[in-house]
Structures are given as C-alpha cells and as structure tokens.
Amino acid sequence: MSKARKILVTAALPYANGPIHLGHLVEYIQTDIWVRFQNLRGNRCIYICADDTHGTAIMKSARQRGCTEEQFVAMMHDAHRRDFAGFDVEFDNYGSTNSPENREYCEEIWRALQDKGLIAQRQVVELFDSQTGETLPDRFVKGTCPNPRCGATDQYGDNCDRCGSTYSAIDLIDPISTISGTPPVKGESEHFFVNIEALHEFLDEWTQSGEHLQDEVANYLKSHFLEAPLRDWDVSRPAPYFGFEIPGTHGRHYWYVWFDAPIGYMGSTREWCKRRGEDSDEWWRGESTEIHHFIGKDIQYFHCLFWPAMLRVAGFNLPDKVHIHGFLTVNGRKMSKRDGTFVMAATYLKHLDPAALRYYYAAKLGPRLDDIDMNLDEFVAKVNADIVGKVVNLASRTAKFVESTGLSPVYPDDGGLFAQAASVADEIAAAYESCDYNRAVRLVLEMADRANPYVENAAPWSLKKDPGRAKELQDVCTVALNLFRQIAVYLSPVLPRLAKQTEELLGQPIRHWDEVQTPLVGTPVAPFRHMMQRIDKKDVQAMIEESRESALGAESPKPQPLQDSDEALKAEPLAPTCTIDDFTKVDLRIARVVSAEHVPDAEKLLKLVLSLGGEERRTVFAGIKKAYQPEQLVGRMVVMAANLAPRKMKFGLSEGMVLASGPGGAEVFLLGADSGAKPGQRVH
RNA sequence: GGGCCCGUAGCUCAGUGGUUAGAGCAGGGGACUCAUAAUCCCUUGGUCGGGGGUUCGACUCCCUCCGGGCCUACCA
C-alpha cells in the first residue's frame, strides 16, 4: 500500500450572523464525506472549520439583540456546532476567527506583506452611518435607483433589481442606512490595500496549471481577472469595526472581514494543534502535507486569487486543491422563505433523519460546479427505495435466520458476488477522491441490485422450513450479510451511523476501506434492529410548513424613513439652558455590565455591577427590571453617571446611575456605545 | 453582450467513435411472503433538442440554430 497521506481539509467558514440551513449543509456534508473517506483509506486527514465572526453585519445583529458582538458570536457558535453535530458533520476543530491564534496568523501574514512592500494606503470615499459611525457596505444602504429611466425605490446600494443597472451606493437617491434608518453621511477615510498585481505571474501559473482547480474555475479566473492587471485589494475598514485592529494604527483601522476569514483556517488549525501538542507549521509549512479547501462558487476569487497570494507571500503551503460546488435549489427553484423551502438545519432535524439528507446529497453531488436540486418527492423516493428498500433490507431479511448460529465458518460459494463487489473498490475510491459521489453511490447501489435477487433465488425462508438444510440456510445468510457489509463499508463515509449499526450487528468494527476484500466468517450475529426508518411524506410536508411559518414570523420590518412624532418632546419639554461647566460637572463614563441580577422584592430594580476598567467596580440599582432580563445585560456597554453621590436604598448602596431614555416601565431604553468604546472612557 | 454547463424513455440520470442506446423511479402484468406495503421476474416506453459536416461507422468529434441553467457585465 502507498504511504499514508497527511491531509488538511477545510470547509468555508460559515458567517456567524445566522443559523445553518440546508444550503450550507451541501458543503459541510460533502466535505465530511471526503474526510471520512480519506481516513477510512488509512490516510491522516483532519477537518478544520470555524465561525467567521467579524464585520458590519455582526455588529448590526449584536446590536439588535442588545448584546456585545462577542456574546452574539458565542451564541451562534454554539448553535452552529449543534446543527453540524446533528448531521454527523464531525470537525476535528471548530474554532472562531475571533481567536488569539487567528490574530497571530493575521499579524504574521500582514508583516510579510509589509516586508515585501505590498501594502499601500489611500483615501477612499464611502458612506457611514450617521448614528453609529460605522462604514456602510453597499448592501447596507437602500434608496432609489439613480437610473433616470427606472427610479425604483427601496433598492440596495450595489444594483437595482428592477432595471438591473449597477452603481455605487453613493449614487443612490434618498439613501437610507439599514442600520439606523437615517440618511448615511459621505466621508473620506484612509484604507490599506494589498498590491495583488505583484503576484500576477504567480497566480497565472498557479490557477492555470490544471492541478489545483476545476477547469471551469480556471477559465473563469482567467477571463474575468487574470487577463487584465489585478486591482489592489482593499483589506481594511475604519473604526468602529468588529474585527482585529491593524497593528500600529492606534485603533483607527481594522482588517476587513475577508482578510482574516481564510486565515481562520490556520488559526483554527493552531487551536487544534495546541490541544494535541502538535506544531501547526507541520500542517501549513510541512512539505508532506496536502491542503484541500471546499467552498461554494460564490467565493471563488477570494480562495483562488487573494488567498494563494497571501500564503505565497508569507511562505506558507498553498492549497493542493480547491474543490468548488454549486448552490442548492429546492424543487427546481431558489430556496425561498415564502415557499417554506428555506429550511434551517434545526428544523430539518425536528422532522427527518440526517442520514437521509446525507445520502441524498451524496447521490446528487458531482465533481463540478452545477447547482444541485433537492426535489422533495425524489428525495423521499430515493432514500426509501435505495437505502431502506434495497440496502438495509438485505440485512433485515436475513440476519434473524443466523441470530442463533452466527456466520458460516467458511465463506461459501456465492457465484462470485463478493469478489465482484470487492473488485470495484478502486473505482469507487477514485469516484470519492474526485468528489464524484453520485458515481460512487451508483456503483454501490448496483451491488445491492445484484444481492437482492441472490437472496430471492436462494429463498432462505424456504430453507428454514427444512431442518436438513440448516447449513445451506446459514451459508445463504452469510453471503447476504457479507454483501451487505461491503455496501455498508463503501457507504460509511456517507452513512456513518449505518456503518456503526453494521458493526453492532456483526460484531466487527469497520476501520478500513480494505475490509471489503475479506468476508467475515464464523462470527456471531446480534439480534437485528431497524437501521433506518422510511421517510414519510407527511414529515417532509410538516418541515416545509414549519419553515414557512417561522419565516413569516421572522419577517423584519423594513427601516422606515424617519417620521418621528413630537410626543416625547411634548411630554417632557426641554430644560433651561445650562453652561458647559454645568455639563462637565457630571462625569459620564462608559462601563461594562459585569453582572446583573434580580433584586428580591423589588418591583422595578435590577442590581448591576459595572466595570470602569481595571479593578474599578460600581454597584448600581437601576429601575429597568420591566424592560430588561439580567442575562441580556451582562457584557453590554452602558453609559453611567459615575460621580453621582452614592445613595442608600432599601436594598443597598447605589453608586451611580445608568443612562436610559423612555417614559418608564417596560419602555426603558439603555444608552449604549459604539463598538470600540472601552470601559472607563469619559463621555464628552 | 461575454464565459461555462446542460438538452438521452413520463421523471432523475448513466453512456465521449464500434454489436439491435442503458439503469433507477413511475406505469402495466405476474411471483413471493424472509423483510420497514420492503423484494424478485416479465413488460410498455426513446427518430439520444433541430439541421449540416467529418468518418467505413456518431448519442459520442466539428459547425450552426433552438431551448434551459449558472456566472458575469468593465464591482470585488
């Protein structure tokens, strides 16, 4: 046998601003199958992934939830892990881009780029949210299409979905920030760029070598990017931004989320290595390591241009292959919330067996970038017919005849069936290796199509009636169960649970691909237990219904142009003018809520402990109980009046006041601070 | 407008120069009753999108037209 390969595999890092859905799972299941296949072949293969946690969208989501970005991404991290585990997607490490390991790698790569003189600085005109000061990506601005012949309202800042014209968000008429609902302000700020053109020749060679990319990907890159000089890549965003600060910029600049996201593959590898006492350089600089990325076609250029360039400059291993897949459609159409076909992983798991989806995706996935369609009727029919009707049925119809005797001591004559199935091993392996899973599955199913007629002809149920033919009965079942086991081995990357159940039934572990070459003989057979339920169409329907409902419930109101009522001002008219000196007497400080708890017997009060940074702590009783749950508050930044004279209250001493607006009761709104503010900073 | 892919039985697809084009599902008929109304046998069904060309020979190669999908449209 050839030497074991050492393979590092990644799937794209899911963005931490939403739950995993069936579209995501195409990739994670595709990758999981590949990793399991490699390990079954005796290679050393690790599956590395992480949450992609930075950027404007995360800041917005966190704010909507009233928590810090860190809390928000921690919550998503748990949810993602749960979803993946539910589908038997097993990562060796599932990290986060917001980790110290990732920061180390970002800084290392950044230094390399700087040392090679590939970083430039330039002013960029862009839009900012007038309330939060955040940069607004085009997609976060909506307004009226600037095309004079169109004028459609409520369009995103990158293009118009009515007339199809493209433009910059700056050109939109009556633009509105989707973050605060206010008009954005135009501003100029300094950005850092990578001179990627310096790597043009290298990228030409690397992408066109035919070794690393699918042909259509190489063509796409060549015609769209490589035939002209590559533009500088904008890799920074001005503060405030949730991400890593660029060293030496004094908190003014952060790396753009797409700079640190792919580096997250390395950061996550290092997390894993630390846990295992390994050196991550073994994986990212070692000569004998292969690196394989699995991604969707939407993020090709990041992974096939910028990423190899960065790795190259910093002296890391380049990917051996970037495997790119298409998108998922359901019943021939884009997944749609309205149709109920935008199904979350967690929703699927409430109604259906994860193995069914794994099998169906495997049966659909090929080595190319075509979208794959999940036809729900076909899904039901295929899983029921193939797995339950043909494969599991083999065991289900024979196992109990040999429950008391076990398998025959010598493998009987089976007309060459076992040998034939064993001889296809290389062909199936090649199909898995090249991600041609539908071919692999087809080849395996042919075996089941030969095995069932064998059982039919041998008729063990008839043999059973004649005690004189007990040996024959045992032989027939020995053949059937060995044919079944071969199938279970071949499909074990796709259906790990079925492989486990087969191990339990036959009392022998499935550890290696080559187990298909040797029949089991003379071993006991455990009582048969159902291995997989048939899919009931009603369950699919219920899943669709639930997806439709939850989508309706979650429909977020569109930001309205501001038409504020004068109610609040009338209710509480402006106070008399004060001087700046009056104002500065009040020392307002940013503080972080370190704990929050209910006060027994108090109607309105929550007891908060606030940190002003370092060891400074203040206990404050705040009348916000009807508006906030304590757990919502922990970790949040608030503004406090810090030099207010302490006041003795019924429940203890209150050493300040947190600032909030609203008439009271449940209508209380705490003041927060934009990302980047630090506890202890004075508010001026 | 450009790039890529696809168009084979009702449906999903296999088949890349060589016997009368295949499979699964669905349809029809039958068998069995071990098995999760699973299984097995037989069977209906295709001018391989249209046209032209290369070839002794094309679903398979070339050209062209028609139809569909994805990407892209001087943004990444």
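B:U16 and B:C62 have their C1' atoms separated by 14 Å, with the value rounded to a whole Å. The gap from the C1' atom of B:A58 to that of B:C71 amounts to 31 Å, rounded to the nearest Å. The separation of B:A35 from B:G30, taken at their P atoms, amounts to 24 Å, rounded to a whole angstrom. If you take atom P in B:U54 and the same atom in B:G68, they sit 31 Å apart, rounded to whole Å.
With B:A35, B:C71, B:C70 as the choices, the nucleotide that has an atom nearest any side-chain atom of A:Y220 turns out to be B:C71. The side chain of A:K390 lies closest to B:G24, out of B:C40, B:U36, B:G24.
Every residue two or more places apart in sequence or in another chain that forms a side chain to side chain donor-acceptor pair (under 3.5 Å) with A:E456 is listed here: A:R397. By the ring-ring contact (aromatic ring centres under 6.0 Å, His included) test, A:Y301 is found to be paired with A:F225, A:F306, residues two or more places apart in sequence or in another chain being considered.
When the side-chain nitrogen and oxygen atoms of A:K400 are compared with OP1 and OP2 of B:A35, one or more of them lie within a distance under 4.0 Å.
The local environment of CD in A:E188 is crowded, with over 12 non-hydrogen atoms from other residues, nucleotides or ligands closer than 6.0 Å.
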If you look only at distance, which donor and acceptor atoms sit under 3.5 Å apart when one is on a side chain in residues 524-540 of chain A and the other is two or more places apart or in another chain?
from	atom 1	to	atom 2	distance (Å)
A:D536	OD1	A:K538	N	2.9

Subject >> Protein-to-nucleotide contact annotation, 5' to 3' order, nucleotides 5-14 of chain B [B base; S sugar-phosphate only; - none; under 4.0 Å, heavy atom] >> reply: SS-----S-S
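Residues A:Y301 and A:K382 each lie close to RNA chain B; by heavy-atom proximity, the contact nearer the 5' end of the strand is made by A:K382.
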Original post:
In dot-bracket notation, what is the pairing pattern of RNA chain B, taking Watson-Crick (N1-N3 plus N6-O4 or O6-N4) and G-U wobble (N1-O2 and O6-N3) contacts under 3.5 Å, with [ ] crossing and | for other strands?
Top reply: ((((((((.[[[[.)..(...]]]].(((((.......))))).....[[[[[..)....]]]]])))))))....
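Scanning residues 530-541 of chain A for heavy-atom distances under 4.0 Å to RNA chain B yields A:H530, A:M531, A:M532, A:R534.
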